[in-house]
Each structure stands twice: as structure tokens, then as C-alpha cells.
Protein chains: 2
Amino acid sequence: MARPTVNDIAEEAGVSLATVDRVLNGRPGVREKTVSRVQAAIEKLGYVRDVTAANLARQRRYRLVFVLPDVPAQFVDTLHEAIAESVSTSVVDRTDVRIVSFPNDNPHALVKSLRALSAADTDGVAIFAQETPHVRDAIARLKADGVPIVALVSDLPNTGRDHFVGIDNVAAGRTAGFLMGKFIGNTGGSVMVLVSSLQARDNVERRLGFDQVMAESFPAIEVLPSIENHDDEETTTRLVTEMLRKRPDITGIYSVGHGSQALVEVLRGHERRHAITLIAHELTRVTREALRDHLMDAVISQNVGHIVRSALRVLRAKSDGRDIVSSQERIRIEIVVRENLV
Amino acid sequence: MARPTVNDIAEEAGVSLATVDRVLNGRPGVREKTVSRVQAAIEKLGYVRDVTAANLARQRRYRLVFVLPDVPAQFVDTLHEAIAESVSTSVVDRTDVRIVSFPNDNPHALVKSLRALSAADTDGVAIFAQETPHVRDAIARLKADGVPIVALVSDLPNTGRDHFVGIDNVAAGRTAGFLMGKFIGNTGGSVMVLVSSLQARDNVERRLGFDQVMAESFPAIEVLPSIENHDDEETTTRLVTEMLRKRPDITGIYSVGHGSQALVEVLRGHERRHAITLIAHELTRVTREALRDHLMDAVISQNVGHIVRSALRVLRAKSDGRDIVSSQERIRIEIVVRENLV
DNA sequence: AGCTAAATGAGGTACGTACCTCATGTCAAT
DNA sequence: ATTGACATGAGGTACGTACCTCATTTAGCT
């Protein structure tokens with residue numbers, strides 16, 4: 001039997017098409033009793049709105065914006081690629097996507113970018129940024145304007161964002177800790193931890209989860225204080241080299257941040273490279289090569305394609321005032337080792 | 001600027017709508033020169049066919065069938081759930097899905113089920129089965145009838161199937177081996193390997209990959225010959241108990257097959273449970289609980305939701321004679337440990 | 001019973017594409 | 001110049017839904 005249409009519902013309920021339409025689209029002017037008759041018919045026939053036809057008729061378009069930092073971290077590049085790809089493949093779902101980049105070290109540039117957006121030309125915004133008072137204000141203004149907002153990758157819990165798309169970073173840190181502990185085993189020693197910035201919420205949460213697991217399950221391994229590199233290559237090279245010299249008992253390095261290029265380079269030339277377990281975040285060209293070359297042991301990653309698609313789905317839903325199926329929007333913490341590297 | 005429509009193309013190319021339609025849908029009766037004029041206009045305006053409107057007009061429906069074994073393995077249940085979910089959420093894409101189950105131990109039943117299908121009522125078939133001569137013939141008949149076929153989870157390379165949806169099982173076995181070796185570390189000892197059946201291609205491939213890595217990278221660990229359990233719980237319980245008694249040097253168990261219930265139960269009551277590294281395949285209720293309870297150390301899994309959606313996409317494409325973007329149809333080998341267990 | 005306001009019906013157009021028919025245009029071979 | 005084959009145009013209907021207008025019916029009230 002073919003799929004029932006609005007006409008079938010009308011017939012089944014003994015009402016006109018106009019009434020069915022009013023019920024389906026929540027328009028006023030239908031008695032309670034009639035509403036339930038129509039709903040009974042919908043139930044009975046198993047009617048499901050043909051979304052493609054509906055969108056066609058509705059002529060709806062979603063104008064969505066990604067706001068991304070302009071940092072030299074590979075991970076952000078992969079985000080750009082994922083957005084570009086999802087744009088090209090999803091012309092289908094009536095979505096226009098723009099990308100706005102802001103220089104990471106300049107919070108005013110970000111605020112300025114956000115100020116340029118308004119409900120008049122934007123149906124939703126996905127933001128990857130750190131939470132500062134200025135940013136919080138700018139987001140509040142957008143929200144007041146009625147623009148749905150989702151935080152991307154790093155949460156902005158105190159801004160009133162509608163949703164967070166990304167992994168549970170505490171769990172990601174715990175996963176890194178679990179692998180670090182298991183891989184080092186009863187060799188013991190100490191672990192160096194490298195973060196982009198202690199202002200970055202995702203970094204802090206990962207470090208937290210990592211420390212939890214190391215303390216709970218691998219007390220024989222000493223976890224050293226965080227080294228902050230601010231995504232700067234020279235700083236990383238200098239600090240890592242120094243630390244490796246100072247602490248010859250290092251058996252593990254955990255790279256918490258979004259970039260690992262300089263770290264990998266230092267290790268590539270280091271004599272103890274095979275005695276050190278290296279775990280980093282985000283699957284990029286750099287981490288792929290490091291895995292392949294036996295320099296890195298595991299990468300904790302989040303699928304940027306999933307992140308982008310989820311953000312788009314959520315923003316479209318919020319823009320329509322629809323609910324989201326949160327179980328479907330969960331981003332998995334992926335573990336990548338040499339052998340499952342696609 | 002709004003998205004261009006066929007009318008815009010017609011105007012731009014200086015031809016009528018009918019001609020544009022002929023070009024777009026590959027209908028005959030258009031001069032070579034005119035075709036290129038139209039294509040130039042399409043190029044210039046960046047026209048992309050509105051697939052939703054096209055499908056609406058075309059009234060196309062895809063009648064697809066999943067053929068699945070009726071075995072008591074949790075993994076097959078999760079496949080059923082994934083299919084059910086994808087049916088309910090994707091009424092959107094004009095697809096009718098049926099599931100055909102066949103008793104796993106009866107190859108004739110499978111052949112009979114396949115015989116019942118034909119191009120008259122089926123636009124594509126996804127099969128999870130082992131490759132036997134009978135199955136090969138039945139698939140050949142379906143293909144001759146013009147029905148696209150994809151193999152699911154376990155490949156059927158010699159049947160002429162159009163595509164395989166699933167993980168690279170050699171790589172999955174290698175991944176299991178990598179983790180097993182790293183987790184056991186320099187403790188050494190021996191590893192028990194449990195397979196469903198040595199007839200099952202996916203099982204054999206995993207075992208192969210596992211052995212490769214163990215031999216290459218962890219020669220100090222002895223890998224024992226496969227124990228075949230035919231997905232039977234009593235057999236598993238008996239053989240595993242016996243082996244654990246005979247070989248007190250066992251430090252690892254690799255469960256290659258689709259079910260791990262009985263194995264987990266045996267281990268749950270075993271005194272050496274915390275001295276044994278347990279790695280299994282497929283994320284199910286059983287393996288989830290085992291991870292949570294510290295009985296299992298890692299699960300190598302394939303996302304059944306992705307598998308089902310990929311199979312549907314591929315079958316629709318093949319049915320239309322369209323090409324698939326194979327990079328988008330790759331199924332990842334997922335590693336799940338206690339800490340990234342959703 | 002008569003009135004008013006609310007509820008419902010009838011019928012239309014539109015969205016972008018597919019696909020159909022029939023008329024007319026063009027071109028090359030005779 | 002005529003013919004015939006082919007190319008193109010013009011215009012239509014359909015898909016399932018949204019949304020509009022206006023007429024008509026119904027229910028609730030005095």
C-alpha cells in the first residue's frame with residue numbers, strides 16, 4: 001500500500017483538506033474534537049509528512065554560519081574541509097553555509113564578527129571559541145535577537161548556547177589516561193602533559209579526566225604539571241626538548257591540544273622515541289604520519305564530519321523550533337591506532 | 001542569490017524548458033551543439049538539480065531487502081535494531097525496507113529466501129551470509145535478474161556482489177592484535193583465540209590479521225590455535241573452561257566471533273579474570289557490561305547504524321545506475337574501551 | 001429563534017522537477 | 001522545391017504539501 005497523503009487523512013477523518021492542514025501545521029480555528037479525529041486518522045493510516053514535498057512547498061532555506069578561529073592548528077583545517085564537503089553534498093537540504101574566521105589572539109575581532117550577524121540574514125550560528133566576557137555578551141545579543149547558537153568542540157556553558165556539539169572532553173581525557181596507563185604498563189616512569197592553553201575549556205577538561213584515571217588506576221606513574229605552548233611551534237620545541245633532558249624518566253607524553261606538529265618533530269629526532277608512549281588528540285595529517293611512523297601510539301579523535309553535520313541538523317531544528325533527538329547528536333570519542341588508521 | 005532552476009537554465013541557454021529537460025535526463029533528440037549550450041548554462045549558473053523536487057515528481061520508490069541470519073548472536077540483534085531505526089527515520093528518502101531472516105544452519109533456507117526475490121518487487125538486496133556454492137548461484141541469479149547486491153559485514157568476493165559494506169576484517173584483527181600486545185606488554189604468556197566458525201570469512205580474516213601483528217610485533221606472546229564454538233553457548237563454556245585449566249599461562253583472550261555472552265560468563269566467575277586481557281568484537285549489551293565491569297579491556301566494533309545507512313545509500317545509487325563516493329562509504333574500525341563507552 | 005463568532009469546506013496557486021503530447025522549426029538529401 | 005527525419009518549442013499534468021481567500025455551516029449564546 002502506498003504511503004498515505006494529506007488527502008487520505010482528510011477522507012479518513014471525514015474533514016476537508018484545509019482542516020487537516022490546520023491541524024498538521026498547528027494553525028488555529030479547529031475544535032478540540034476535530035483535532036483528535038484528524039489525529040486518530042493520522043495514527044490509523046500511519047501518516048508521515050513527506051518532508052521533501054513540505055520543504056519544497058515551504059520554500060524554506062536555512063542560512064547558517066560557522067565561526068572559527070584562524071589558528072595554525074591542523075585540526076581547524078580539517079574542520080574547514082569538513083564544512084566545505086558538507087556544503088557540497090548537502091545542497092539537498094536547503095542550507096546555505098558561510099564561514100567566518102577570526103584571529104585567535106584578538107577577542108575583539110571575534111566580537112566584531114559576531115556583531116555583524118543578525119536574525120535578518122542568519123538562521124543559526126555554530127561557534128568554536130573560548131568563553132570570555134566579551135564573547136559571552138556578543139552571544140547573548142545574538143540569542144536575544146532570536147538566533148540559535150551551538151558551541152562547537154569546546155563548550156560555552158555560561159553563554160546560554162542552545163546546544164554543544166562535540167565530545168565529552170573529560171571522558172576523552174579519561175580515555176587517553178586509560179590507554180596511557182595500559183600502554184606504559186608496569187614500566188612506570190613519568191608522563192609529560194602538553195596543553196594549548198589553560199584558558200581553553202576543552203583542554204582543561206581533558207587534563208582533568210586524564211588525571212582522574214591516572215590517579216585511580218595507575219598510581220605508579222607520575223603525571224607532571226601541564227606545559228602550556230599556546231599553539232606555538234618554537235615554544236613547544238624549546239619546552240619539550242628541555243623537559244626531555246631534565247626528566248630522563250619520562251615514559252609517556254600526552255598532547256592535549258589541537259596541534260602536535262612541533263612535538264612530533266622533536267620526538268622524531270630523539271633517541272628515546274621508541275621508549276616513550278605518545279598519545280595525542282585529533283586525527284590530522286601530522287598525527288596520521290606519526291602513527292604510521294611508529295612515533296605515536298594512539299590518537300583520541302572526534303569525527304569532524306559528524307560534528308559539522310550534527311551542528312547543521314541541530315541549528316536547522318532549533319531554527320524551526322523543533323526538538324532534536326539528542327541520542328543521535330552524540331559525538332563519539334574515537335580511538336585511532338596504527339592498525340585502524342582507515 | 002537564489003538557487004537557479006531549470007527555467008533559468010532554459011533562459012540562459014536560449015532554449016526551451018523541454019530541451020533542458022531532455023539534456024538533464026539524457027533523453028534523445030537534442031543536437032550535440034545544443035547539448036553543450038545547455039551544459040554551459042548549467043555550468044555558468046552553477047545549477048544543481050533539486051533532488052527532493054525531482055524525487056517528488058518522479059514518484060520513485062526503492063524497495064530494498066536485508067537478508068540476515070537468524071542466529072542467537074547479539075550483534076545480529078543490533079543490526080535489526082539499526083535497520084528498524086533507519087526505517088523509521090528515513091521514510092524521507094522514499095525507501096521501503098524488508099528484512100528476510102534465514103536459519104543460519106540451513107543453507108537451503110537461505111537459497112529459498114533468495115529465490116523468492118526478483119527484480120519485479122525488489123530494487124536491491126543487502127546480504128549477511130557466508131559464501132557457499134549454493135549461495136553463490138542464488139546471488140548470480142539475482143544479479144542476472146538485474147538486482148543490485150551488497151554484501152554486509154562479511155564479504156562475498158566471488159559472487160559478483162556490487163559492493164561490500166563493512167570493515168576491513170584483516171585490519172580489525174590487526175587492531176585487536178596491536179591492543180592485545182600493548183596491553184599484555186612484557187608480561188608475556190599465551191593468548192586464547194575463540195572463533196565462531198572457520199567457514200566464516202570475516203572470522204578467518206580477523207584471525208589472520210591478529211596473527212600477523214602478534215608475530216611481527218609481539219613475538220614473546222604465544223598465540224594458541226583457534227577454538228571454534230559455532231556460536232553455541234554450551235560449547236563455549238566447556239571449551240573455554242577446559243582451556244583455562246590446561247593453560248594457566250593464558251594472559252589474553254581474543255574473541256573473534258559475533259557473540260561473547262558465554263565467554264564473559266565463564267570469565268566473570270574465574271579467579272584469574274583480572275590477570276587476563278580480554279578483547280572482543282562488536283559493541284552489544286554483553287560487551288558493554290563486560291567493559292563496564294572491568295572484565296573486558298577493549299571492543300573492536302563496527303557501527304551498525306553506519307553500516308545500514310551505507311548499504312541503503314549504495315543500493316539506491318546502484319539501482320539508479322549512479323556512482324557511489326567510495327570514500328564516504330568506508331566503515332571505520334572502532335575501538336571502544338571503558339572510558340569512551342558513550 | 002435569532003444572532004454572532006468560531007469552525008469548516010471548497011478551491012485555488014505555488015514550489016521545482018519529470019514526463020507527456022502535439023505543433024512547428026530546421027536541415028540535408030533528393 | 002519537396003520530402004522526411006530530426007530538433008525544438010509550447011503547454012500541459014502530476015507529485016505532496018503549504019498557504020491563501022472566501023463562502024458556508026455549526027455551536028454557543030441571549
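Keep in mind that this is a model prediction, so the values were computed, not measured. So that the names make sense, note that chain A is the first sequence line, chain B the second, and so on, each numbered from 1.
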Can you name the atoms? Protein N/O to nucleotides 5-15 of chain C N/O, anything below 3.5 Å, with the distance.
unit_1 : atom_1 : unit_2 : atom_2 : d
C/dA7  : O3'    : A/R31  : NE     : 3.2
C/dT8  : OP1    : A/R31  : NE     : 3.3
C/dT8  : OP1    : A/R31  : NH2    : 3.1
C/dT8  : OP1    : A/T34  : OG1    : 2.0
C/dT8  : OP2    : A/R31  : N      : 2.7
C/dT8  : OP2    : A/T34  : OG1    : 3.4
C/dG9  : OP1    : A/S16  : N      : 3.4
C/dG9  : OP2    : A/S16  : N      : 2.6
C/dG9  : OP2    : A/S16  : OG     : 3.0
C/dG9  : OP2    : A/T19  : OG1    : 2.6
C/dG9  : O6     : A/R22  : NH2    : 3.0
C/dC15 : O3'    : A/Q59  : OE1    : 3.2
C/dC15 : O3'    : A/Q59  : NE2    : 3.4
C/dC15 : O2     : A/A57  : N      : 3.1

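- D/dG16 atom P lies 17 Å from atom CG of A/N25, rounded to whole Å.
- Taken over five-pair windows at either terminus, the axes of the helix from C/dA1-D/dT30 to C/dT30-D/dA1 are inclined to one another by 30° (rounded to 10 degrees).
- Under the 3.5 Å distance criterion, with hydrogens and angles disregarded, a donor-acceptor pair is assigned to the side chains of B/E282 and B/Q302.
- One finds a side-chain N or O of B/R27 lying less than 4.0 angstrom from the OP1 or OP2 phosphate oxygen of C/dC19.
- Counting any heavy atom pair closer than 4.0 Å across all strands shown, A/N55 reaches no nucleic acid atom.
- No hydrogens or angles considered: nothing links the side chains of B/T95 and B/R61 as a donor-acceptor pair under 3.5 Å.
- Side-chain atoms of B/R49 and B/N25 include a donor-acceptor pair closer than 3.5 Å.
- Atom CG of B/L24 and atom C1' of C/dC19 are 13 Å apart (whole Å).
- Defined by atom type and a distance below 3.5 Å, a donor-acceptor pair is missing between the side-chain atoms of A/E334 and A/S301.
- Nucleotide C/dT17 holds its P atom 10 Å from the CG atom of B/D21, rounded to whole Å.
- Contact check on A/D168 versus A/R330 returns no salt bridge, with no Lys/Arg side-chain nitrogen under 4.0 Å from an Asp/Glu carboxylate oxygen.
- Not counting sequence neighbours, the partners of B/T159 by the side chain to side chain contact (heavy atoms under 4.5 Å, CB included) test are B/E131, B/R136, B/I139, B/L156, B/R161.
- With sequence neighbours excluded, no residue forms a ring-ring contact (aromatic ring centres under 6.0 Å, His included) with A/F66.
- Side-chain contact check for A/T19 and A/R27: no donor-acceptor pair (N or O, by modelled atom type) lies under 3.5 Å.
- The stretch residues 6-13 of chain B comes close to DNA chain C through B/V6, each having a heavy atom under 4.0 Å from the strand.
- No donor-acceptor contact under 3.5 angstrom links the side chains of B/T78 and B/R285, judged on distance only.
- Remark: the B/T34 side chain and the B/R22 side chain contain no N/O donor-acceptor pair separated by less than 3.5 Å.
- Under the ring-ring contact (aromatic ring centres under 6.0 Å, His included) criterion, A/F75 pairs with A/H258, not counting sequence neighbours.
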